[in-house]
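Just the heavy atoms: all of them, side chains too, but no hydrogens, waters or symmetry mates, feed the values below. Small disclaimer: the values here were computed from a predicted structure and weren't measured. Ligands are counted one by one from 1 in listed order, and the atoms in each one are counted from 1 as well.
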Amino acid sequence: MLDAPAKAFFHSLAQISFLQRMASRYGMAPGSGFARRFIAGESVEEAVVAVQDLAGRGLLLTLDYLGESVATSAEADAATRDYLRILDVIVQSGVERNVSLKLTQLGLDVDRATCVDNLRRILDPATEHGFFVRIDMENSPYTDVTLQIFETLWGQGHRNIGVVLQSYLMRTPGDVARMNALGARIRLVKGAYKEPKAVAYQDKADVDAAFVELMQLLLDQGVYPAIATHDPEMIEATKRYATQKGYAQDRFEFQMLYGIRRDLQTALIAEGYRMRLYVPFGKQWFPYFMRRLGERPANVAFVLKGLFREK
Ligand SMILES: Cc1cc2nc3c(=O)[nH]c(=O)nc-3n(C[C@H](O)[C@H](O)[C@H](O)COP(=O)(O)OP(=O)(O)OC[C@H]3O[C@@H](n4cnc5c(N)ncnc54)[C@H](O)[C@@H]3O)c2cc1C
């Protein structure tokens with residue numbers, strides 16, 4: 001995790017359209033594209049091929065069709081229709097039926113009703129075909145509304161859905177208790193956005209300490225939580241706590257992002273833990289990609305090396 005100013009720097013870069021155009025041109029070039037390490041392809045068909053290979057290595061998977069912050073109901077409708085086609089392709093391909101999505105991709109910025117309608121359009125066939133649908137958590141202006149929409153759908157009987165909570169937000173212990181009371185499945189992450197001091201811890205030590213406390217709460221009282229981190233200390237703390245409490249390895253799962261700490265992914269599987277990979281794909285990969293760069297300076301060097309190789 002980078003410090004807040006560095007994170008802010010990458011979030012500002014993500015807004016620059018010239019960089020977006022350059023990245024779109026080179027980033028996903030067949031074979032050599034520098035973003036390919038983190039993005040499984042621009043189409044669902046490409047992603048499915050990547051995922052089949054990963055499943056063969058014992059990884060569980062969730063596919064994420066990249067896109068966020070759509071501004072019109074026509075764009076939200078298009079994203080929803082894309083998702084419906086993606087569900088079909090996943091069913092036909094036989095890969096694991098598990099997707100992650102963002103509410104701003106479905107029109108949350110347009111209006112809440114549009115977003116909920118679109119989410120239901122996805123959940124109906126998803127439920128019919130036995131999918132699990134994880135609602136990602138975006139930045140803090142969306143925390144309340146995301147949890148409210150989640151609770152509404154839960155109240156209507158949807159049980160194949162889960163949500164994400166972020167340890168950097170000071171409010172999260174309350175949200176964990178609220179979601180544990182429902183019996184909902186939570187993915188715990190540190191949090192990827194640039195957040196103000198008033199709502200979020202800024203120092204890694206504080207975010208990590210909160211992560212450990214929340215992980216313990218989820219393991220004790222939650223329903224099949226996902227501990228989503230690449231941080232060896234967080235992973236060790238989870239393993240230690242589960243062992244100390246005598247919790248079975250299938251009481252929870254670890255999750256990581258496609259292309260990050262592949263060594264650790266393999267090691268955890270070899271130790272008998274469940275390990276799910278979050279596999280993003282789609283043409284709108286730039287903001288996601290910039291968040292990954294903002295997390296680790298070494299990734300910038302990796303990308304620059306790729307760029308120079310291309311010339
Ligand atoms: C499955 C999954 C789903 C997620 N969903 C969400 C979500 O819905 N909302 C949200 O806000 N955030 C989400 N995140 C991102 C998360 O919030 C963090 O930003 C991200 O996981 C980095 O934090 P970390 O726990 O790995 O620890 P950090 O403290 O950031 O990093 C610890 C160590 O992990 C490794 N590492 C971390 N990031 C990288 C990277 N980009 N490249 C290479 N190595 C790295 C390095 O070794 C680093 O030293 C998700 C993360 C995962 C794994």
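- Of the polar atoms of Met137, at least one N or O is found under 3.5 Å from an N or O of ligand 1, judged by distance alone.
- For the pair Met179 and Leu147, the tightest heavy-atom approach, listed with the atom from each and the gap, is CE-CD2, 3.9 Å.
- By the neighbour-count criterion of 12 heavy atoms within 6.0 Å, atom CD of Gln148 is densely surrounded, having more than that number from other residues, nucleotides or ligands.
- Ion pairing of Asp263 with Arg261 is present here, as a side-chain N (NZ or NE/NH1/NH2) and a carboxylate O approach within less than 4.0 Å.
- Only side-chain heavy atoms of Arg187 come within less than 4.0 Å of ligand 1; its backbone N, CA, C and O stay farther off.
- Note: Phe254 and Phe252 have perpendicular aromatic rings, judged against thresholds of 30 and 60 degrees for the angle between ring planes.
- Atoms of ligand 1 lying under 4.0 Å from at least one heavy atom of Asp136, given by number and element, are 8 (O).
- Less than 4.0 angstrom separates some heavy atom of Met256 from each of these atoms of ligand 1: 1 (C), 53 (C).
- Glu46 has no carboxylate O lying under 4.0 Å from a charged side-chain N of Lys283, or vice versa, which leaves the two without a salt bridge.
- The aromatic rings of Phe34 and Phe289 are tilted relative to each other, their planes meeting at an angle between 30° and 60°.
- Every atom of ligand 1 is numbered from 1 in the order shown, and the set under 4.0 Å from a heavy atom of Lys190 is 17 (O), 25 (O), 27 (O), 28 (P), 29 (O).
- Between Arg262 and Met256, the closest side-chain pair of non-hydrogen atoms is not below 4.5 Å.
- Neither the backbone nor the side chain of Met234 comes within contact range of ligand 1; no heavy atom lies under 4.0 Å.
- Atoms of ligand 1 lying under 4.0 Å from at least one heavy atom of Gln255, given by number and element, are 1 (C), 53 (C).
- Contact annotation for Lys204 and ligand 1: only side-chain heavy atoms (C-beta onward) come within less than 4.0 Å of the ligand.
- Contacts between Phe211 and ligand 1, counted as non-hydrogen atom pairs separated by less than 4.0 Å, are absent for every part of the residue.
- Side chain to side chain, Gln255 and Arg187 meet the donor-acceptor criterion of an N or O pair below 3.5 Å.
- For Glu138, no heavy-atom contact with ligand 1 is shorter than 4.0 Å.
- Of the candidates Thr229, Val189, Val163, it is Thr229 that places a heavy atom closest to atom 25 (O) of ligand 1.
- Near Tyr278, the atoms of ligand 1 lying under 4.0 angstrom from a non-hydrogen atom of the residue are 1 (C), 3 (C).
- If you look at Val164 next to ligand 1, the close heavy atoms, those under 4.0 Å, all belong to the side chain.
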